[in-house]
There are 2 protein chains.
Amino acid sequence: MNREDAIKMTLEVIKEKKLENSSIGEIVKKMDISPGNLYYHFKSKNELYREVLEYSINEIADSLDKVKLDINKKNNLFQLTEKLIRFLEKREDILFFLITMKGSSYLEKKSNSRDLLLNFKNMLVNQDLNTEHEKRIALKLNMFLGSVYEVLYENKLLKKRNLTSAEINEIYLSFWGNEGKEDNGI
Amino acid sequence: MNREDAIKMTLEVIKEKKLENSSIGEIVKKMDISPGNLYYHFKSKNELYREVLEYSINEIADSLDKVKLDINKKNNLFQLTEKLIRFLEKREDILFFLITMKGSSYLEKKSNSRDLLLNFKNMLVNQDLNTEHEKRIALKLNMFLGSVYEVLYENKLLKKRNLTSAEINEIYLSFWGNEGKEDNGI
DNA sequence: GTCTATAGAACGATAGAC
DNA sequence: GTCTATCGTTCTATAGAC
């Protein structure tokens with residue numbers, strides 16, 4: 001048994017069976033190991049789920065890190081938008097997990113998308129922003145992430161289709177289209 | 001026992017205990033009735049949850065119906081945005097339920113926000129739209145709803161604060177700000 | 001209609017052999 | 001490390017008395 005395998009299989013089970021039907025029994029059946037073995041590596045179901053969240057956020061962060069260093073900021077924001085969407089389309093398991101875990105008690109302390117938002121913020125904003133502007137960025141980021149989740153939930157998970165380039169552009173423009181014009185810190 | 005009471009109490013329990021800890025036992029304890037009694041009125045937990053969804057969507061629709069008939073369309077869209085946000089801030093139970101139920105197997109057939117989106121669409125668009133434009137509206141509506149859920153999740157449910165008028169205006173402008181200018185069917 | 005009592009299954013987690 | 005076996009609990013749902 002290997003921790004990363006367990007995490008990946010857990011994501012698979014949650015996507016297939018939905019959260020409320022994802023038991024230790026289902027997970028070990030999928031992994032073809034014994035319950036005792038899983039509990040040797042993870043002390044509880046909560047710990048397993050917490051590591052699944054950590055893995056998911058790291059995977060997204062790794063994927064976005066590749067476009068982090070672009071110099072043209074406007075281009076940067078478009079690339080980040082596109083990269084995030086294409087990543088979540090490819091990793092439906094992570095997309096479904098992040099959506100379905102919102103509001104669950106399993107991850108309580110981690111407060112879910114908070115860390116992901118923080119990641120984004122660090123990539124998008126400069127260090128020396130006034131708080132008023134920071135608040136506006138935080139609001140925009142929340143709106144942006146919510147839109148991405150909802151649009152991909154409807155299109156990728158329900159209708160099984162990827163977004164067109166035009167649709168990604170529409171999403172980009174709604175949130176970051178006006179920001180590029182004035183170089184106001186984003 | 002009365003069906004609407006059961007539905008309201010169920011919303012309360014889910015908000016307090018989270019979805020995975022909301023059992024028939026917790027619901028009847030809260031209602032101070034017996035399990036047998038609840039099952040006399042609802043044939044299963046799934047049926048109860050389905051009725052909770054129906055109730056929630058109807059409550060939102062009723063709330064929005066009041067601004068439906070405004071003649072100035074641009075003003076209409078702002079009022080709808082504001083009304084929806086203020087309603088969900090007031091009814092945290094419904095807000096939490098809609099967020100937490102996304103991707104669960106309880107409501108499978110109803111596909112969750114689909115009905116709410118349909119409601120919106122009927123209120124926003126004219127009858128005779130070409131499909132290309134209709135698709136764009138559908139995308140915008142998904143983005144809009146996703147943003148509202150995510151922003152209210154972060155602010156109302158986690159930070160326990162209502163949005164400012166400026167924030168609501170920001171949300172309105174991101175989605176409908178440009179639409180009003182050209183009278184293109186919305 | 002509403003209750004009590006409980007069936008029957010599934011759950012998270014552990015003990016102990018290997 | 002990995003297994004089998006099972007503990008103790010909780011769950012949905014039902015039977016049957018009132």
Side-chain angles (χ1 to χ4, degrees), chain A residues 1-56 93 96-97 100-101 103-110 112, chain B residues 1-56 93 96-97 100-101 103-110 112:
Chain A
M1 224 240 37
N2 146 312
R3 291 182 89 82
E4 187 159 331
D5 282 350
I7 288 168
K8 286 178 180 171
M9 291 296 198
T10 303
L11 280 167
E12 273 298 301
V13 169
I14 291 176
K15 190 187 127 200
E16 283 168 16
K17 305 270 175 178
K18 313 305 170 204
L19 187 61
E20 62 273 20
N21 306 121
S22 296
S23 58
I24 296 292
E26 290 287 343
I27 292 166
V28 299
K29 197 173 76 186
K30 179 108 181 172
M31 296 184 70
D32 202 28
I33 62 167
S34 68
N37 193 358
L38 186 64
Y39 274 97
Y40 178 80
H41 291 272
F42 298 90
K43 78 172 212 294
S44 69
K45 193 183 169 188
N46 280 346
E47 180 180 306
L48 173 59
Y49 280 8
R50 275 196 298 272
E51 293 210 16
V52 172
L53 176 66
E54 205 173 315
Y55 165 86
S56 299
D93 53 348
F96 187 79
F97 179 78
T100 210
M101 273 297 169
S104 93
S105 67
Y106 291 120
L107 312 171
E108 251 165 2
K109 289 279 134 30
K110 288 281 250 178
N112 206 352
Chain B
M1 221 274 355
N2 145 311
R3 291 184 88 82
E4 187 158 331
D5 282 351
I7 289 168
K8 285 179 181 171
M9 292 296 198
T10 302
L11 279 167
E12 272 298 303
V13 170
I14 291 176
K15 189 187 128 200
E16 282 168 17
K17 305 269 175 177
K18 314 304 170 204
L19 186 62
E20 62 271 21
N21 307 121
S22 297
S23 59
I24 296 293
E26 289 288 344
I27 292 166
V28 300
K29 195 173 77 187
K30 179 109 182 171
M31 296 184 69
D32 203 28
I33 62 168
S34 68
N37 193 357
L38 186 64
Y39 274 96
Y40 177 81
H41 291 273
F42 298 90
K43 78 173 212 292
S44 69
K45 194 182 168 188
N46 280 346
E47 181 181 305
L48 172 59
Y49 280 9
R50 275 194 298 273
E51 293 209 17
V52 173
L53 176 66
E54 205 173 316
Y55 165 85
S56 299
D93 53 347
F96 187 79
F97 179 77
T100 210
M101 272 298 170
S104 94
S105 67
Y106 291 120
L107 312 170
E108 251 165 2
K109 288 279 133 32
K110 288 282 247 180
N112 207 352

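Note that the structure is predicted; figures quoted are calculated from it, not measured. Throughout, a chain's letter reflects where its sequence line sits, starting with A, and its residues are numbered from 1.
Taking atom OH of B:Y40 as the reference point, atom P of C:dG1 lies 4 Å away to the nearest angstrom. Across the protein-nucleic acid pair, A:D5 atom CG and D:dG1 atom P stand 15 Å apart, rounded to whole Å. Across the protein-nucleic acid pair, A:I33 atom CD1 and D:dT4 atom P stand 11 Å apart, rounded to whole Å.
Applying the salt bridge (Lys or Arg N to Asp or Glu O under 4.0 Å) test to A:E16 and every residue at least two apart in sequence or in another chain returns A:K30. B:K18 pairs by the salt bridge (Lys or Arg N to Asp or Glu O under 4.0 Å) definition with nothing, not counting sequence neighbours.
For the atom pair CG (B:N46) and CG (B:L107), the distance works out to 8.0 Å, reported to the nearest 0.5 Å.
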Worksheet, complete the sentence: Contact string for nucleotides 4-18 of chain C, one letter per nucleotide 5' to 3', B = base within protein heavy-atom range under 4.0 Å, S = sugar-phosphate only, - = neither, reads B------SSBB----

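The nearest pair of heavy atoms linking A:M101 to A:Y49 is CE-CD2, 3.5 Å.
Between the B:E20 side chain and the A:S105 main chain, a donor and an acceptor come within less than 3.5 Å of each other.
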